[in-house]
Amino acid sequence: MASMGVELLGFFLGLLGFAGTVVATVLPHWWSTAFVGSNIMTVTAYIKGLWMECVWHSTGIYQCQLYRSVLALPPDMQACRALMVVSCLSSVLASVIAATGMKCTRFVQRSWVKSRLVLSGGICFLCAAFLCLVTVCWTTYSVVMQFYDPFLPGGVKYEIGLSVYLGFASTCFSLTAGLVLCWGSRGVDSQRRPPSVPPSANRHAPAPPYGSPETLKDSHTPPFCCFSNGGFNLDNYF
């Protein structure tokens, strides 16, 4: 029961990490900036994401536009797109494999196959966490370097958006899920291993009890048939 609880804990943590990764990928809050123009009543916020960019006005108007060309995007944004998509796919694959190998499911009946499937699901969650971590760290480094660049005007500098923080949280959930599933599969494998039999057990039959020659002679059973030849009886020799 303890191993089943560990598997369920790791699986639900992985689902939380997967949901957070998908939301962080879709939302356009990766780069955000806000500035006040010459008129203090005119406030505009620009928000950029992996798939669209949005403009928010102080009047309440919120306008978003999808990127029309993938090749026209900067190389770092294209790389972030690819890494986040692969991270989401890895989380989906990890969820399917882990659900197949859990003890509470009946997809596979062999115990050693189930433990290997749970281990594979944990490794996929670790890969998804690593890809998401690389993406959010890369984005954070890029935003910080551009923000402290003295040659860029203040109106085009961006700050870290909410999607980046959500990506860090999703990385923590996926990483914890992968570690828990790997540890749980190791415990299940050691519990289901058959007990080892000593090599010397049941190898030789026990020796008969010791008895005196008289006892053995008295307990000797005479043969069923006797053969005699030339006046000699063979019974006399036994």
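What you see below is based on every heavy atom in this structure, not just the backbone, and it leaves out hydrogens, waters and symmetry mates.
- Within 6.0 Å of the OH atom in Y141, the count of heavy atoms belonging to other residues, nucleotides or ligands does not exceed 12.
- Through chains of ILVMFWY side-chain contacts below 4.5 Å, I123 is grouped with L119.
- Within the structure, disulfide bond (SG atoms under 2.5 Å apart) pairs that include any residue of residues 116-145 do not occur (at least two apart or interchain).
- Not one N or O on the side chain of S142 forms a donor-acceptor pair closer than 3.5 Å with the backbone of W138.
- Taken to the nearest 0.5 Å, the OG1 atom of T135 stands 11.0 Å off from the CG atom of D76.
- Scanning all heavy atoms of the two residues, the minimum distance from W31 to G49 falls at CZ3-O, 3.9 Å.
- A single hydrophobic cluster is seen to contain both V143 and M84, as judged by linkage of ILVMFWY side chains at heavy-atom distances under 4.5 Å, directly or through other members.
- Under the side-chain contact (heavy atoms from CB on, under 4.5 Å) criterion, V164 pairs with W30, V136, T139, T140, I160, F168, not counting sequence neighbours.
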Name every donor-acceptor pair, under 3.5 Å, that has one atom in a side chain of residues 88-100 and the other anywhere in the protein, sequence neighbours excluded.
| from | atom 1 | to | atom 2 | distance (Å) |
| --- | --- | --- | --- | --- |
| S90 | OG | V86 | O | 2.9 |
| S91 | OG | S87 | O | 3.1 |
| S95 | OG | S91 | O | 2.9 |
| T100 | OG1 | V96 | O | 2.8 |

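- With sequence neighbours excluded, the residues satisfying side-chain contact (heavy atoms from CB on, under 4.5 Å) with Q63 are H57, I61.
- When all heavy atoms of G101 and L117 are compared, the pair lying nearest together is CA-CB, 3.7 Å.
- Hydrophobic clustering, with ILVMFWY side chains joined whenever heavy atoms are under 4.5 angstrom apart, keeps F130 apart from V85.
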Query raised in the report: Where do Y46 and E53 land on the side chain to side chain contact (heavy atoms under 4.5 Å, CB included) test, with the steps shown first?
Result: CA-CA 8 Å; Y46 294 93; E53 58 181 356; over 6 Å; no

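- The CD atom of Q65 sits 9.5 Å away from the SG atom of C54 when rounded to the nearest 0.5 Å.
- Closest approach of A72 to S69, counting heavy atoms only: N-OG, 3.4 Å.
- In this structure, the side-chain contact (heavy atoms from CB on, under 4.5 Å) partners of L73, at least two apart in sequence or on a different chain, are Y67, M77, Q78, R81.
- Other members of the cluster containing V70 do not exist, because no ILVMFWY side chain is joined to it at under 4.5 Å.
- Among all heavy-atom pairs drawn from C172 and T176, the shortest one is O-OG1, 2.7 Å.
- In terms of heavy-atom proximity, C182 sits nearest to L126 at SG-CD1, 4.3 Å.
- Atom CG in L50 sits 7.5 Å away from atom OG in S163 (nearest 0.5 Å).
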Under 3.5 Å, which donor-acceptor pairs link side chains of residues 9-28 to any protein atom two or more places apart or in another chain?
| from | atom 1 | to | atom 2 | distance (Å) |
| --- | --- | --- | --- | --- |
| T21 | OG1 | G17 | O | 2.7 |
| T25 | OG1 | T21 | O | 2.6 |

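- Between the side chain of E7 and the backbone N or O of K103 there is at least one donor-acceptor pair closer than 3.5 Å.
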